[in-house]
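Input: a single structure, listed below in structure tokens.
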Amino acid sequence: MLIRDEQAGDEDAIRQLVEAAFHDHPHGDQREHLLIDVLRASGAMILSLVADQDGAPVGHIAFSPVRIDGACQHWYGLGPVAVIPARQRSGIGQALVHAGLVRLKSISAAGCVVLGDPTFYTRFGFAARQQLTFAGAPLEYFLSLPFGATVPAGTVEYHPSFYHPSQHAEE
């Protein structure tokens with residue numbers, strides 16, 4: 001398996017795998033594939049990695065800038081991360097997260113946040129921190145990973161498409 005940057009022509013395969021990965025997922029809203037399209041179209045997806053197996057995408061991860069108390073602080077949001085159902089729980093998601101975090105550090109990102117399962121994300125160093133919050137999310141599921149000694153304080157906001165991806169997809 002190869003982890004690589006998204007390339008022109010991957011869009012349809014990524015859309016299909018993200019839609020399949022979140023189909024009937026208890027914590028998804030079945031619009032994650034629309035979110036990827038909107039983030040890409042708006043230029044907000046600063047990092048898009050594909051897990052490629054024999055020339056076919058089997059996994060995808062996206063990162064986009066977040067704002068903390070309304071300001072850019074060089075922090076990024078991880079998500080969504082998706083693996084085709086037949087290959088879930090085989091290490092592809094872990095490989096994508098690891099590769100993505102390495103790449104974020106290489107562009108001098110200050111840190112990363114994710115709204116997700118602490119059992120999965122704590123293995124990468126993510127932790128719940130009271131000084132960083134996300135409106136409506138339980139503290140234990142909103143996790144952050146600083147890449148330096150400084151952790152800002154405030155409320156995190158994702159790109160507007162995270163809140164209503166289907167609305168932004170139609171614009």
Side-chain angles (χ1 to χ4, degrees), residues 1-8 10-11 13-14 17-18 21-22 27 32 35-53 57-84 87-135 137-162:
M1 180 184 67
L2 169 71
I3 305 289
R4 61 171 175 79
D5 288 321
E6 175 184 327
Q7 301 170 354
D10 285 338
E11 297 87 353
I14 290 170
L17 85 83
V18 172
F22 284 96
H27 301 291
E32 288 80 5
L35 173 61
I36 296 295
D37 288 342
V38 174
L39 288 172
R40 185 186 298 113
S42 68
M45 191 163 53
I46 62 102
L47 182 57
S48 176
L49 299 178
V50 171
D52 187 306
Q53 181 112 42
V58 295
H60 178 262
I61 193 168
F63 294 86
S64 56
V66 297
R67 298 178 74 74
I68 302 171
D69 276 353
C72 172
Q73 297 193 31
H74 304 289
W75 278 67
Y76 295 88
L78 182 165
V81 59
V83 177
I84 61 171
R87 299 295 311 276
Q88 290 176 0
R89 303 198 191 315
S90 67
I92 294 171
Q94 289 182 56
L96 284 164
V97 171
H98 178 72
L101 294 174
V102 168
R103 289 284 297 278
L104 281 181
K105 291 175 187 175
S106 77
I107 62 167
S108 300
C112 185
V113 295
V114 65
L115 181 60
D117 181 0
T119 305
F120 180 76
Y121 289 105
T122 55
R123 70 185 76 181
F124 303 101
F126 283 92
R129 292 177 173 80
Q130 290 187 354
Q131 70 264 39
L132 278 178
T133 61
F134 181 67
L139 179 63
E140 64 271 18
Y141 288 97
F142 187 67
L143 309 168
S144 61
L145 176 62
F147 298 147
T150 304
V151 179
T155 301
V156 174
E157 296 172 51
Y158 286 84
H159 186 269
S161 59
F162 274 85

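None of these values were measured; they are calculated from a predicted model. Positions are given from 1, in the same order as the sequence printed here.
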Check: R129 and F142 side chains under 4.5 Å, non-hydrogen atoms: no
Greater than 12 external heavy atoms within 6.0 Å of Q130's CD: no
Residues I46, L104; criterion side-chain contact (heavy atoms from CB on, under 4.5 Å); working and verdict: CA-CA 9 Å; I46 62 102; L104 281 181; 3.9 Å; yes
Verdict with supporting geometry, R40 and D10, salt bridge (Lys or Arg N to Asp or Glu O under 4.0 Å): CA-CA 12 Å; R40 185 186 298 113; D10 285 338; over 6 Å; no
Atom of A21, atom of A82 and distance for their closest heavy-atom approach: CB-CB, 3.7 Å
Interatomic spacing from CD in E11 to CG in D37 - rounded to 0.5 Å: 8.5 Å
Straight-line distance of D5 CG to D52 CG, nearest 0.5 Å: 12.0 Å
Heavy atoms of other groups near F124 CZ, more than 12 under 6.0 Å: yes
Validation row: E6, H60 side chains within 4.5 angstrom (heavy atoms): yes
Gap separating the OG atom of S144 from the CG atom of L78, nearest 0.5 angstrom: 12.5 Å
Set of residues satisfying side chain to side chain contact (heavy atoms under 4.5 Å, CB included) with respect to I3, sequence neighbours excluded: M1, L49, A51, A95, L96, A99
Sidechain-backbone polar pair: E157 side chain, R67 backbone, donor-acceptor under 3.5 Å: no
W75 side chain near P146 side chain, heavy-atom distance below 4.5 Å: yes
Nearest atoms (heavy-atom pairs only) where L101 meets F147: CD2-CZ, 4.1 Å
Note, Q7 side chain near V50 side chain (heavy atom, < 4.5 Å): no
Y121 and V81: CA distance, side-chain angles, deciding distance, side-chain contact (heavy atoms from CB on, under 4.5 Å) verdict: CA-CA 12 Å; Y121 289 105; V81 59; 3.3 Å; yes
Contact check, side chains of Y76 and L47, non-hydrogen atoms, under 4.5 Å: no
Closest non-hydrogen atom pair, V66 against G77: CG1-N, 3.6 Å
L143 and L132: CA distance, side-chain angles, deciding distance, side-chain contact (heavy atoms from CB on, under 4.5 Å) verdict: CA-CA 8 Å; L143 309 168; L132 278 178; over 6 Å; no
CZ on R4 to OG on S48, rounded to 0.5 Å: 9.5 Å
Minimum heavy-atom distance P152-Q131, with the two atoms named: O-CG, 3.3 Å
Over all atoms of both residues, closest heavy-atom pair of G125 and L145: O-CD1, 3.4 Å
Mutual orientation of the aromatic rings belonging to Y158 and F134 [parallel < 30°, tilted 30-60°, perpendicular > 60°]: perpendicular
Shortest non-hydrogen separation from F162 to G79 and the atoms involved: CZ-O, 3.7 Å
Intermediate values then yes/no, side-chain contact (heavy atoms from CB on, under 4.5 Å), I68 and V113: CA-CA 11 Å; I68 302 171; V113 295; 6.0 Å; no
CG-CD distance between L17 and E32, expressed to the nearest 0.5 angstrom: 12.0 Å
